[in-house]
Colleague: 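Just dropping this structure here.
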Amino acid sequence: MEILQREQSEVLNPYEIVQKQIDAAAAKLQLPKHVTELLKKPKRVLSVSFPVRMDDGTVRIFDGYRSQHNDAIGPTKGGIRFHPDVTLDEVKALSMWMTFKCGVVGLPYGGGKGGVICDPRQMSKGELERVSRAFMESIADIVGPERDIPAPDVYTTPQIMGWMMDTYSRLRGHYSPGVITGKPIIIGGSQGRNAATAQGCVYAIQSALEDISLPMEKATVAVQGFGNAGRIAARLLTDLGATVVAVSDSRGGIYDANGLDLNRVEQLKDEATILDYGVQYHISNEQLLELGVDILIPAALENVITKENAPRVQARIIAEAANGPTTPEADAILNEKGCIVIPDILANAGGVTVSYFEWVQNLMNYYWSEEEVLEKLQVNMVKSYDAVRNMAKEYETDLRTAAYMISLQRVTEAMRARGWV
């Protein structure tokens, strides 16, 4: 009943949420209505169905999508997710967020996103490979190094990217590593890609801490979602001197006001469950969001901070490592309270930035060291954060709206230069 009431009172459809965010930024910039309406819909959406023979000999039909939002600045770019709950609206919304994510960090890309409705946790490696290759065959006509460049996302891996790149290369008759990013390093992947989303988020957090004159060594941190991005961010912040007091995954969370033993937490995550840390430390994911910490990192699902729990969120800085963790209604509440919300399109843009570096290295056939990759990432993230903060001050608005404004300006300028609007 509580979930039903929340859905009735607050729109949680991601496609409608991103359209609201576009409207807010476009109004600040006083963009013409036809420009705003063009940006509120993807340019192209492909829906596919394809057969895959399963290990037991049966043939199963899978459904998938690829959305390309806007290619005014360059080819579209964005991940492919394998998940049983993939929807068309979700994929469209994520492709639009990718346009603005690329825009805010100055990449020559538009946004793309793809998904297959499946549960890879219930598949063998052979089945997963056949699904991956079949999906790439289904979308091959609209992707390519100069058209649309996929990458890993939820429940997809470097190995899956390798299979997809190989399939595309076979279809084209030549080796084409630039068609996809997030690949294994041996076939054109980039150093630093695995940690890029978390590392970029940490660079943004460091800039925000400087804004409130809080030393990293005095900062407390809670991480909701101890997956790839959340786990690496927790480790990086710990190494910089911050105190991680709470983490959680899909099963629940743990909290110690004196600081968690992160080495033990990581070991438990690998071997069993973080809940084995001790029952006396158990908290729910919902409780974690409301802890009195300096830094909160939502690194799991969409729409976890809503108008219902936003009044109880106490963090001074919220760094959105996940896509869309805060609803528009919650955003307004957090901004009124004075929280610094580093929006997802900036906070988690490290991943797509290093994906861009990978693509550039593929096209040059010249590869950089991890140190060089991280140095370039830091420069870009700090520059982008500063630009968003300055835009927010100039227009007396929040960081999310300012980030969208920067992106909308870039995309609109490109569309005008090409004679589209």
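Please read all numbers here as calculations on a predicted model, not as lab measurements.
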Colleague: Are the charged groups of Asp386 and Lys383 less than 4.0 angstrom apart, N to O?
Modeller: no
Colleague: Would you check if there is a donor-acceptor pair between the side chains of Thr181 and Lys77 at a distance under 3.5 Å?
Modeller: yes
Colleague: Might you confirm whether atom CD of Glu396 has over 12 heavy atoms from other residues, nucleotides or ligands at distances under 6.0 Å?
Modeller: no
Colleague: Taking it one step at a time, do Tyr367 and Asn362 satisfy side-chain hydrogen bond (donor to acceptor under 3.5 Å, both in side chains)?
Modeller: CA-CA 8 Å; Tyr367 293 85; Asn362 292 158; 3.0 Å; yes
Colleague: Is Glu394 paired with Lys28 through a side-chain N to carboxylate O contact shorter than 4.0 Å?
Modeller: no
Colleague: Under 3.5 Å, side chain of His69 to main-chain N/O of Leu39, donor-acceptor pair present?
Modeller: yes
Colleague: After noting the C-alpha distance and the side-chain angles of Asp398 and Thr401, does the key distance pass the side-chain hydrogen bond (donor to acceptor under 3.5 Å, both in side chains) rule?
Modeller: CA-CA 6 Å; Asp398 58 277; Thr401 302; 3.0 Å; yes
Colleague: Do NZ/NE/NH1/NH2 and the carboxylate oxygens of Arg66 and Asp141 come within less than 4.0 Å?
Modeller: no
Colleague: Kindly state each residue pair satisfying salt bridge (charged side-chain N to carboxylate O under 4.0 Å, His left out) with at least one member in residues 169-190, sequence neighbours excluded.
Modeller: Asp166-Arg170, Lys183-Glu358
Colleague: Should we say atom CD of Glu37 is surrounded by more than 12 heavy atoms from elsewhere, each under 6.0 Å from it?
Modeller: yes
Colleague: Could you label the plane-to-plane angle of the Phe62 and Phe50 rings as parallel, tilted or perpendicular, counting under 30° as parallel and over 60° as perpendicular?
Modeller: parallel
Colleague: Can you see whether Asp211 engages Tyr385 through a side-chain donor-acceptor pair at a distance of less than 3.5 angstrom?
Modeller: yes
Colleague: Can you confirm whether Lys337 is buried at NZ, in the sense that more than 12 heavy atoms of other residues, nucleotides or ligands lie under 6.0 Å from that atom?
Modeller: yes
Colleague: In terms of heavy-atom contacts, does CD of Glu146 have more than 12 from other residues, nucleotides or ligands at under 6.0 Å?
Modeller: no
Colleague: Just so I know, are the side chains of Ile80 and Met164 near enough to count as touching, which here means a heavy-atom distance under 4.5 Å?
Modeller: yes
Colleague: Just do the side-chain contact (heavy atoms from CB on, under 4.5 Å) check on Val45 and Lys92 with the steps written out, would you?
Modeller: CA-CA 8 Å; Val45 181; Lys92 289 195 295 186; 4.0 Å; yes
Colleague: Taking the side chain as every heavy atom from C-beta outward, state whether Pro145 and Tyr168 have any atom pair closer than 4.5 Å.
Modeller: yes
Colleague: Check whether any side-chain heavy atom of Arg400 lies under 4.5 Å from a side-chain heavy atom of Asp344, and answer yes or no.
Modeller: yes
Colleague: Assess the residue pair Leu128 and Trp163 against the criterion (side-chain contact (heavy atoms from CB on, under 4.5 Å)); give the C-alpha distance rounded to whole Å, side-chain angles, the decisive distance to 0.1 Å, and a yes or no.
Modeller: CA-CA 10 Å; Leu128 194 57; Trp163 290 328; 4.3 Å; yes
Colleague: Going by an N to O cut-off under 4.0 Å, is there a salt bridge joining Arg121 and Asp119?
Modeller: yes
Colleague: Starting from the C-alpha separation in whole Å, work towards a yes-or-no answer on side-chain hydrogen bond (donor to acceptor under 3.5 Å, both in side chains) for Asp89 and Thr87.
Modeller: CA-CA 5 Å; Asp89 274 0; Thr87 67; over 6 Å; no
Colleague: Are more than 12 heavy atoms, taken from residues, nucleotides or ligands other than Ile186, located less than 6.0 Å from that residue's CD1 atom?
Modeller: no
Colleague: Is the NZ or CZ atom of Lys376 both under 6.0 Å from the centre of the six-membered ring of Trp368 and within 45° of that ring's axis?
Modeller: yes
Colleague: Working to the nearest 0.5 angstrom, can you tell me the gap between Met216 CE and Asp239 CG?
Modeller: 10.5 Å
Colleague: Atom CG of Asn194 and atom CG of Asn228: how far apart are they, to the nearest 0.5 Å?
Modeller: 4.5 Å
Colleague: Flag the pair Val304 / Leu289 as yes when at least one side-chain heavy-atom distance between them is below 4.5 Å, and no otherwise.
Modeller: yes
Colleague: Is it true that atom CZ of Arg264 has more than 12 heavy atoms of other residues, nucleotides or ligands lying nearer than 6.0 Å?
Modeller: yes
Colleague: Given Arg81 and Thr156, is the side-chain hydrogen bond (donor to acceptor under 3.5 Å, both in side chains) satisfied, shown in steps?
Modeller: CA-CA 6 Å; Arg81 58 179 52 186; Thr156 50; over 6 Å; no
Colleague: Over 60° means perpendicular and under 30° means parallel, so tell me whether Phe100 and Tyr404 are parallel, tilted or perpendicular.
Modeller: tilted
Colleague: Can you find a pair of side-chain heavy atoms, one from Tyr203 and one from Asn380, that are under 4.5 Å apart?
Modeller: no
Colleague: Assess whether side-chain contact (heavy atoms from CB on, under 4.5 Å) is satisfied between Glu336 and Ile333, documenting all intermediate values.
Modeller: CA-CA 5 Å; Glu336 195 172 312; Ile333 295 169; 5.8 Å; no
Colleague: Would you check, one step at a time, whether the test side-chain contact (heavy atoms from CB on, under 4.5 Å) holds for Met96 with Tyr15?
Modeller: CA-CA 9 Å; Met96 294 161 75; Tyr15 187 42; 3.4 Å; yes
Colleague: With no hydrogens and no angle check, just 3.5 Å: does a side-chain donor-acceptor pair link Asn70 and Thr99?
Modeller: no
